[in-house]
There are 2 protein chains.
Amino acid sequence: MGKAKSGKRATLASLGEQLGLSRQTISNVLNNPGVVSEETRSRVLAAIEASGYRPSAAARALRTKRSMMLALRLYPSGDGIEGALMDRFTHAVTEAAQAQGYRIALFCADDMGSEADTLVELHEEAQIDAAIISDTYPHDPRPGALWEAGLPFSAFGRQWERPDAPHSWVDVDGRAGVRAAVDHLVSAGHRRIGYLGPRVGGASEDRRLGCQEALAACVPPVIGDEELTSVDTPKAGAAAASILQERGATAVVCGSDAMAMGALSVFGHRDGHAPIVGFDDTPVARAMGLSSVAQPVEEAARLAVELALAAVAGEPSRRLLIQPELVVRRLEAFAR
Amino acid sequence: MGKAKSGKRATLASLGEQLGLSRQTISNVLNNPGVVSEETRSRVLAAIEASGYRPSAAARALRTKRSMMLALRLYPSGDGIEGALMDRFTHAVTEAAQAQGYRIALFCADDMGSEADTLVELHEEAQIDAAIISDTYPHDPRPGALWEAGLPFSAFGRQWERPDAPHSWVDVDGRAGVRAAVDHLVSAGHRRIGYLGPRVGGASEDRRLGCQEALAACVPPVIGDEELTSVDTPKAGAAAASILQERGATAVVCGSDAMAMGALSVFGHRDGHAPIVGFDDTPVARAMGLSSVAQPVEEAARLAVELALAAVAGEPSRRLLIQPELVVRRLEAFAR
DNA sequence: CCGCAGAGTTTGATCGATCAAATGCTGATC
DNA sequence: GATCAGCATTTGATCGATCAAACTCTGCGG
């Protein structure tokens, strides 16, 4: 390590003076090593090491007009069951950004409109180079607002009402995930399968369609009991699951783990296997031995960062659909 | 709203020229309104509004040597059961910082040592004004390293081996929380109460002591069955809880919700009440109808921000211990 | 009529880096 | 020996804000 020495911060100029060189040469050693002679370079590097010099982020940002920061909104963590998903995303985004030399600036907002406003403001203040938004829904105001403002960004979540929107996004093919869930239950012997999903959002509609498709494609034919949408809570899930059970369903595919939890309490486990499949593979599902469709959140985050940086670089936008994976689980011994 | 106009960003200088004033006057309107005449001020404000001017964060940071950023490490989210706690903290810190005009810069680190290194680096690059560290443990290397480096910071978690450490911290009085948990079980009629906690960390030792104290203070006397420490998982919790049960315990206080989950699977609910109390009041506890000691994480976060900013301002450090709250819960109907 | 206080405004310097272009130098070329 | 290429390094300007000090008025007391 190097460090200490005097009380003053080292700067390019101070290093240059100390070595009898100019600031620019020091700068070149760091940013453009090729143009500096072998000998000076090593001399400068030693001095840098010894002085503990670090380039000033502010000065660099001012000159280059790159803050090397991406903005990410932190959502009010819901009552927690689904919350973990976005936290995983946040984490993975941070990691992916860091790998590219970028940092994440967090902020809070009360609603989608003020999220977009804050992002535009951050961009105008040159605090951030780009933004990543997530959890898009039909007629989401954010993509349009950000695009208008000329802010480079990417979205985790497609633009539901307009799949050919001009901006970049990554999304998970929830429909395919639900199809896999249905196939799983069918091959486990179930012949009457219901679907249960949250009431709102493009994603849940997509998942519902996945269920229909899968049931329609079954040979021998499988009966799809009526689909129910409801509020996204265990309680509502339990209530709706009871209805499906009365109608003869023996298994249920759910659009969320929270509702799956409720459905699980109605249907229960049989031989350690639950006739329920949840969505998002949250910690609660893991703890309860519940099968669930897992979104590759980490991959999505990596791609979201990649797309955002591509947008900064002015590259054309891209739209990516990635595949989820069904995690089949049985009840762990401890949870009896 | 104002905006658009030309393609160029407005600056203090451009606004000044446009209005026939100097940059400094524009600056004063924003930062020192008192010295500007009433008339000029309103004229300038109108122009600012119309141009959509935003001060450049980089330029300001360069001059003032204040980035208005605080750093926070994002921990690798464990398997999720306890994870939510730190996420709540992150969220609350962001909100509290934002209320003071600060933003949070996130980063990842592999271990505590590299966390400290990264923080010092960020500080030397002038990317951040201060840092907030959390989840301290005995002989934590971070406080010392940051203090040495002259980085203003605060910690969520006391310095266990040295309560009079020179830096600021906030912590939750876990011992008192566990005492409340024991009292709760005693008043519910239990006479043989065991304690079950994770194996490591100053906090869990503190909680264990709280249990001893509470049992010792009981009249009529209550028998404290042997305490067990174990790995912090539901599985290990279940195993350890079985041992306590064999030894005659009818109730268990746990140092974490993960272990409490395991204990719950062994003891089960009786009339909707569980003879188990967990710690941290995580979503899983909520979902399972488990009583738990809740840490006032939001308050801690607010205080941590306050302490960090006080450190930036050069104010003397403070050490704060705040009180947790026992959340008594019964099994919700849906979870049967 | 001069000096002076004070409000309102401007000027110059600075923060620390990077870009773009200029300079000094060595050695090869004709 | 003058010219020129090309490397290594330096100089000047710039990014956009803020600090500190200087300046210009106007009005007032002596």
Side-chain angles (χ1 to χ4, degrees), chain A residues 6-45 47-48 51-69 101 121-127 129, chain B residues 7-45 47-48 51-69 101 121-129:
Chain A
S6 73
K8 287 254 170 271
R9 262 179 114 282
T11 67
L12 287 186
S14 80
L15 279 174
E17 192 172 15
Q18 174 192 325
L19 293 174
L21 291 168
S22 70
R23 50 196 153 81
Q24 186 63 34
T25 300
I26 320 290
S27 170
N28 284 335
V29 168
L30 293 166
N31 304 315
N32 212 355
V35 310
V36 183
S37 82
E38 179 60 45
E39 188 226 332
T40 356
R41 176 170 36 179
S42 58
R43 208 157 58 92
V44 169
L45 283 175
I48 287 178
S51 68
Y53 167 77
R54 305 256 183 232
S56 151
R60 176 174 282 176
L62 175 60
R63 191 59 173 96
T64 62
K65 297 180 181 308
R66 286 256 118 75
S67 62
M68 303 304 276
M69 287 248 161
E121 188 179 319
L122 283 171
H123 184 239
E124 287 175 346
E125 289 171 344
Q127 294 240 34
D129 294 338
Chain B
K8 286 253 170 270
R9 260 181 113 283
T11 68
L12 287 185
S14 79
L15 280 173
E17 192 173 15
Q18 174 192 326
L19 293 174
L21 290 168
S22 70
R23 51 198 151 84
Q24 185 64 31
T25 299
I26 320 290
S27 169
N28 284 335
V29 168
L30 293 166
N31 303 315
N32 213 355
V35 309
V36 183
S37 82
E38 179 57 46
E39 189 227 330
T40 339
R41 176 170 35 178
S42 58
R43 206 157 60 92
V44 169
L45 283 175
I48 286 178
S51 68
Y53 167 78
R54 304 254 184 233
S56 150
R60 178 174 280 177
L62 176 59
R63 191 60 173 97
T64 64
K65 296 179 180 307
R66 286 254 119 68
S67 62
M68 303 305 276
M69 286 251 162
E121 187 179 320
L122 283 171
H123 184 238
E124 288 174 345
E125 288 171 346
Q127 294 241 33
I128 57 168
D129 294 337

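By convention in this document, chain letters (A, B, ...) are assigned in the order of the sequence lines, proteins followed by strands, and residues within each chain are numbered from 1.
Among the candidates A/K65, A/H123, A/R66, the single residue satisfying the side chain to side chain contact (heavy atoms under 4.5 Å, CB included) test with A/D129 is A/R66. For the side chain to side chain contact (heavy atoms under 4.5 Å, CB included) with B/S27, the lone residue among B/N32, B/L12, B/V36, B/L15 that qualifies is B/L12.
Interatomic distance, B/S14 OG to B/L19 CG, rounded to the nearest 0.5 Å: 9.0 Å. For the atom pair CG (A/L30) and CZ (A/R41), the distance works out to 11.5 Å, reported to the nearest 0.5 Å.
C/dT10 atom P lies 8 Å from atom CD1 of B/I26, rounded to whole Å. Note: CD (B/E17) to P (C/dT10) measures 13 Å, nearest angstrom. Distance CZ (A/R43) to C1' (D/dA8): 13 Å, rounded to an integer number of Å. Atom CD of A/E39 and atom C1' of D/dC7 are 15 Å apart (whole Å). Going from atom CG of A/L21 over to atom P of C/dG24 covers 17 Å, rounded to whole Å.
Between the side chain of A/R9 and the main chain of B/E124, a donor-acceptor pair closer than 3.5 Å is present.
The side chain of A/S37 places no N or O atom within less than 4.0 Å of a non-bridging phosphate oxygen (OP1 or OP2) of D/dC7. Dashed line: the shortest gap from a side-chain N or O of B/T40 to OP1 or OP2 of C/dG8 is not under 4.0 Å.
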Kindly give the atom pairs (protein nitrogen or oxygen, nucleotide nitrogen or oxygen) under 3.5 Å for nucleotides 14-18 of chain C.
| unit_1 | atom_1 | unit_2 | atom_2 | d |
| --- | --- | --- | --- | --- |
| C/dT14 | O2 | B/R63 | NE | 2.8 |
| C/dC15 | O3' | B/K65 | NZ | 3.0 |
| C/dG16 | OP1 | B/K65 | NZ | 3.1 |
| C/dG16 | N2 | A/A59 | O | 3.4 |
| C/dA17 | OP1 | A/Y53 | OH | 2.7 |
| C/dA17 | OP1 | A/S56 | N | 3.1 |
| C/dA17 | OP2 | A/L12 | N | 2.6 |
| C/dA17 | O5' | A/Y53 | OH | 3.3 |
| C/dT18 | OP1 | A/N31 | ND2 | 2.9 |
| C/dT18 | OP1 | A/R60 | NE | 3.0 |
| C/dT18 | OP1 | A/R60 | NH2 | 3.2 |
| C/dT18 | OP2 | A/S27 | OG | 2.8 |
| C/dT18 | OP2 | A/N31 | ND2 | 3.0 |
| C/dT18 | O2 | A/R63 | NE | 2.8 |
| C/dT18 | O2 | A/R63 | NH2 | 3.2 |
| C/dT18 | O4 | A/R23 | NH1 | 2.7 |

Margin query: Could you walk me through whether A/R43 and A/L21 satisfy the side chain to side chain contact (heavy atoms under 4.5 Å, CB included) test, starting with their C-alpha distance in whole Å, then the side-chain angles of each, then the deciding distance to 0.1 Å, before giving a yes or no?
Written below: CA-CA 11 Å; A/R43 208 157 58 92; A/L21 291 168; 3.8 Å; yes
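Among the heavy atoms of the strands lying under 4.0 Å from B/T25 is at least one base atom, whether or not backbone atoms are also near. Residue-level contact check: B/G16 touches neither bases nor backbone, having no heavy atom under 4.0 Å from any strand.
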